[in-house]
Amino acid sequence: GAVVSQHPSWVICKSGTSVKIECRSLDFQATTMFWYRQFPKQSLMLMATSNEGSKATYEQGVEKDKFLINHASLTLSTLTVTSAHPEDSSFYICSADPSGQAEDGYTFGSGTRLTVV
Amino acid sequence: QKEVEQDPGPLSVPEGAIVSLNCTYSNSAFQYFMWYRQYSRKGPELLMYTYSSGNKEDGRFTAQVDKSSKYISLFIRDSQPSDSATYLCAILTGANNLFFGTGTRLTVIP
């Protein structure tokens, strides 16, 4: 089946530094990928929709200058958390639609646990 | 108002029990309803989806949508310890965005 690979699975960084998270579709092409954030005991919150070859679409309240998204190819989207602070510590998950039929459900990566110290 | 609301639980049941997980949603225009299962520190995986109203069955799992009350349910029959996970309901909007409930953590005790 369709696989979405996310890397790294966990990362610890110092406050003020930037962290890049990669999301790859391994056996299909994805013109659109989605980035979610999940705080402990809370729901997955859609942060942004990543579009290949164009600018990402951010959800209300998500700072586009802080969460930089690049979708340079049909199999790779990256999320860069710039000038990370402890409140950015969270579980970040990407997803993509392998079938083109959104109702078939999106395939999710395994997530990246970010801890900012 | 959130698009979808879910009781976070946690929920503990003995092996073999019938489990009922429920969500409510806000917009009567929503048509696609999904249930995902998420194991700890992993991404969610799709269990089932239903379109519009009615029931859908897959093995021990039954998804139910009641559009009149904007209520969605997932039933698990003959629950097994391997069913222990967090279950998330989700709705798919017309813009193909997925919005999730909080998730209900289920533990099936052997």
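Computed from heavy atoms alone, side chains included, the values below leave out hydrogens, waters and symmetry copies. Chain A is the first sequence line, chain B the second, and so forth, proteins listed ahead of strands; every chain is numbered from 1. Please read these numbers as outputs of a predicted model, since none were measured by experiment.
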(request) Identify which part of B:Pro8 has an atom lying under 4.5 Å from any heavy atom of chain A, answering side chain, backbone, both or neither. (result) neither
(message) Would you say that more than 12 heavy atoms from the other residues, nucleotides or ligands in this model lie under 6.0 Å from the NZ of A:Lys20, or not?
(response) no
(request) Using a heavy-atom cutoff of under 4.5 Å, enumerate the residues of residues 99-110 of chain B that contact chain A, numbered in order, or state 'none'. (result) B:Phe99, B:Phe100, B:Gly101, B:Thr102
(message) Under 4.5 Å from any heavy atom of chain A, what part of B:Gln6 do you find: side chain, backbone, both or neither?
(response) neither
(message) Please classify the contact of A:Ile93 with chain B as side chain, backbone, both or neither, using a heavy-atom distance under 4.5 Å.
(response) side chain
(request) Determine whether more than 12 heavy atoms belonging to other residues, nucleotides or ligands lie under 6.0 Å from atom CE of B:Met48. (result) yes
(message) Report which part of A:Glu59 has an atom under 4.5 Å of a heavy atom belonging to chain B: side chain, backbone, both, or neither.
(response) side chain
(message) Do B:Tyr49 and A:Phe34 sit in one hydrophobic cluster, given that two such residues count as connected whenever their side-chain heavy atoms are within less than 4.5 Å of each other, even indirectly?
(response) yes
(message) Any non-hydrogen side-chain atom of B:Leu46 less than 4.5 Å from a side-chain atom of A:Tyr106?
(response) no
(message) Would you say NE2 of A:His85 has more than 12 non-hydrogen atoms from neighbouring residues, nucleotides or ligands within 6.0 angstrom?
(response) yes
(message) Taking A:Val4 as the starting point, is it possible to reach A:Val11 by hopping between hydrophobic residues whose side chains are less than 4.5 Å apart?
(response) no
(request) Supply the atom-to-atom distance B:Lys42 NZ to A:Phe108 CZ, rounded to the nearest 0.5 angstrom. (result) 15.5 Å
(message) Can you confirm whether more than 12 heavy atoms, excluding those of A:Lys64, are under 6.0 Å from its NZ atom?
(response) no
(request) Kindly determine whether B:Glu45 and A:Thr107 satisfy side-chain contact (heavy atoms from CB on, under 4.5 Å), including the steps that lead there. (result) CA-CA 7 Å; B:Glu45 54 179 345; A:Thr107 299; over 6 Å; no
(request) Treat each ILVMFWY residue as a node, draw an edge where side-chain heavy atoms are under 4.5 Å apart, and state whether B:Leu92 and A:Leu46 are in one component. (result) yes
(message) If hydrophobic clusters are built by linking Ile, Leu, Val, Met, Phe, Trp and Tyr wherever their side-chain heavy atoms come under 4.5 Å apart, do B:Ile76 and B:Ile72 end up in the same one?
(response) yes
(request) Against chain A, label B:Tyr36 side chain, backbone, both or neither, depending on which of its atoms sit under 4.5 Å from a heavy atom there. (result) side chain
(message) Please say yes or no: joined through hydrophobic side-chain contacts below 4.5 Å, possibly via intermediate residues, are B:Val65 and B:Tyr87 part of one cluster?
(response) yes
(message) Do B:Leu98 and A:Ser95 have side chains that approach each other closer than 4.5 Å (heavy atoms only, starting at C-beta)?
(response) no
